[in-house]
Asker: 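For reference, the structure I am asking about is given below.
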2 protein chains.
Amino acid sequence: MEHECGTSPDKRDERLALLIWYRFSRIYNQSVRESEQHLKTWDMTVAQFDVIAQIGLNKRLTQGQLAEKLLVTKGNITQLLSRLEQAGLIRREQDWKVKHVSLTDKGKALYEQVVPMQERFQASHFDALDREEKEQFLHLLKKLSARTTE
Amino acid sequence: MEHECGTSPDKRDERLALLIWYRFSRIYNQSVRESEQHLKTWDMTVAQFDVIAQIGLNKRLTQGQLAEKLLVTKGNITQLLSRLEQAGLIRREQDWKVKHVSLTDKGKALYEQVVPMQERFQASHFDALDREEKEQFLHLLKKLSARTTE
DNA sequence: TACCATCAGTTTATATCTAAACTGATGATC
DNA sequence: GATCATCAGTTTAGATATAAACTGATGGTA
């Protein structure tokens with residue numbers, strides 16, 4: 001929509017942003033794939049881990065709240081919970097007009113074992129950065145999400 | 001999780017890295033979802049866009065090369081190409097023992113229309129950063145991928 | 001009481017994606 | 001020439017994800 005005449009710093013800015021985007025998504029996808037591998041040790045997928053981690057953190061929440069926290073649809077939550085329920089890791093209790101979800105003992109045991117491991121693993125992706133760089137990075141990300149959210 | 005008193009900068013570093021990870025993935029997922037919406041205008045998904053963009057860029061490549069560039073499996077490429085072929089956007093030519101993929105005229109027209117749009121859109125996610133911050137960000141990402149790749 | 005909005009969760013259809021098994025062609029080695 | 005490994009692409013089964021239609025309960029309002 002914009003033809004700048006004198007070669008535009010806009011164009012250069014866009015080019016820079018594009019490079020960022022491509023690298024950003026490559027890094028993200030690679031990380032997810034590594035996590036997938038890592039979680040196989042416990043026979044879990046990343047999606048399942050996210051659910052377990054979120055329930056463990058909040059102790060007890062409705063399916064709708066869970067969907068909202070994980071930024072996925074209610075339908076997706078239904079499917080994921082069915083599997084986790086079958087595996088005996090979570091429990092659903094109808095409660096008035098909502099269903100509360102919580103971890104079973106088996107689920108809690110898994111939570112306490114896997115979550116610290118996985119968090120250490122995820123954190124390790126940023127080992128290449130020193131403290132100051134990490135703070136810089138987080139700062140930039142915050143600027144981005146401030147913009148994305150609104 | 002944190003009883004700070006004198007204690008380990010390691011723990012703090014891990015905590016920082018975790019915050020980065022969560023924000024990183026939230027931003028990424030949000031961006032992808034927005035792209036998904038944006039691409040609906042052209043009846044395309046993100047995966048299909050990536051394929052079209054990559055073929056348009058390279059003019060002609062084998063399915064294996066395509067899989068490698070997009071960091072997905074050969075099986076996935078087979079599935080994606082079947083749809084795009086059916087839609088008349090790409091062409092597959094058996095050539096010795098490989099299949100070369102290229103854009104049809106219809107595919108080329110779409111490519112020329114959608115790619116600039118979409119790139120502008122993806123780039124716009126980083127509008128919140130000024131030039132210097134973009135450069136800083138890219139620099140940090142490069143450090144990360146240098147580590148991740150090897 | 002009858003009607004109707006809304007709301008939580010489910011279902012269904014469709015698209016991605018992987019891993020692993022499979023197919024068929026190429027080409028090396030005996 | 002027969003056998004075998006390799007390699008590109010396909011197929012299949014299973015997990016994830018969405019959107020959109022559906023179900024059933026709650027609760028307001030006429």
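Below, read A as the first sequence line, B as the second, and so on, with proteins coming before strands; counting in each chain starts at 1.
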Asker: C:dA5: syn or anti, with syn meaning chi within 90° of zero?
Answerer: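 Syn for C:dA5; the angle stays within 90° of 0.
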Asker: Applying a 3.5 Å limit to both distances, which nucleotide forms a Watson-Crick or G-U wobble pair with D:dG1?
Answerer: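 Answer to the pairing question: C:dC30, which forms a Watson-Crick or G-U pair with D:dG1.
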Asker: In whole angstroms, how far is the P atom of C:dC17 from the NZ atom of A:Lys40?
Answerer: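 Distance check: A:Lys40 NZ to C:dC17 P gives 17 Å.
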Asker: Please find the pair of heavy atoms, one from B:Lys134 and one from B:Leu129, that lie closest to each other, and give the distance.
Answerer: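 Heavy-atom minimum between the residues: NZ-O, 3.2 Å.
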Asker: Side-chain polar contacts of residues 58-70 of chain B - donor-acceptor pairs under 3.5 angstrom, sequence neighbours left out - could you list them?
Answerer:
{"from": "B:Asn58", "atom 1": "ND2", "to": "B:Gln54", "atom 2": "O", "distance (Å)": "2.8"}
{"from": "B:Asn58", "atom 1": "ND2", "to": "B:Gln54", "atom 2": "OE1", "distance (Å)": "2.9"}
{"from": "B:Arg60", "atom 1": "NH2", "to": "B:Asp95", "atom 2": "OD2", "distance (Å)": "3.3"}
{"from": "B:Thr62", "atom 1": "OG1", "to": "B:Gln65", "atom 2": "N", "distance (Å)": "3.1"}
{"from": "B:Thr62", "atom 1": "OG1", "to": "B:Gln65", "atom 2": "OE1", "distance (Å)": "3.4"}
{"from": "B:Gln63", "atom 1": "OE1", "to": "B:Arg92", "atom 2": "NH1", "distance (Å)": "3.0"}
{"from": "B:Gln65", "atom 1": "OE1", "to": "B:Thr62", "atom 2": "N", "distance (Å)": "2.9"}

Asker: Could you give the CD-to-P distance, from B:Glu68 to C:dT18, as a whole number of Å?
Answerer: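 After rounding, the reported distance stands at 14 Å.
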Asker: Could you tell me the separation between the CD atom of A:Glu36 and the C1' atom of D:dG14, rounded to a whole number of Å?
Answerer: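 Taking atom C1' of D:dG14 as the reference, CD of A:Glu36 is at 12 Å.
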Asker: Does A:Glu93 pair with A:Lys99 as a salt bridge, N-O distance under 4.0 Å?
Answerer: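 No, A:Glu93 and A:Lys99 are not salt-bridged.
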Asker: Could you run through nucleotides 8-15 of chain C and give me one letter per nucleotide, 5' to 3': B if any protein heavy atom sits under 4.0 Å from the base, S if only the sugar-phosphate is that close, - if neither?
Answerer: SBBB---S
Asker: Given that both distances must come in under 3.5 Å, which nucleotide forms a Watson-Crick or G-U wobble pair with C:dA8?
Answerer: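 Its partner is D:dT23.
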Asker: What is the distance, rounded to the nearest whole Å, between atom CD of B:Gln37 and atom C1' of D:dA20?
Answerer: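 These atoms are roughly 13 Å apart.
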Asker: Send over the distance from B:Ile52 CD1 to C:dT16 P, rounded to a whole Å.
Answerer: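 Spelled out: CD1 on B:Ile52 to P on C:dT16 is 12 Å.
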Asker: In whole Å, I'd like the distance from the CG atom of B:Leu71 to the P atom of C:dA19.
Answerer: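 So the CG-P distance, B:Leu71 to C:dA19, works out to 13 Å.
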Asker: Check B:Lys143 with A:Glu133, please: is the shortest side-chain N to carboxylate O separation under 4.0 Å?
Answerer: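 Yes, charged N to carboxylate O under 4.0 Å.
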Asker: Using whole Å, what does the distance between atom C1' of nucleotide D:dA17 and atom CD of B:Glu34 come to?
Answerer: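 After rounding, the gap between these two atoms is 17 Å.
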Asker: Between the side chains of B:Ser145 and A:Arg23, does any donor sit under 3.5 Å from an acceptor?
Answerer: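 Looking only at side-chain atoms, A:Arg23 and B:Ser145 do form a donor-acceptor pair, the distance falling under 3.5 Å.
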Asker: Between A:Trp96 (CH2) and D:dA25 (P), how many Å, whole number?
Answerer: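 Answer to the nearest Å: 14 Å.
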Asker: State whether the side chain of B:Gln113 and the backbone N or O of B:Leu110 hold a donor-acceptor pair below 3.5 Å, judged by distance alone.
Answerer: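 No; zero donor-acceptor contacts below 3.5 Å.
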Asker: Take B:Gln122 and B:Ser31 through the test side-chain hydrogen bond (donor to acceptor under 3.5 Å, both in side chains) and record every step on the way to the result.
Answerer: CA-CA 8 Å; B:Gln122 279 165 341; B:Ser31 295; over 6 Å; no
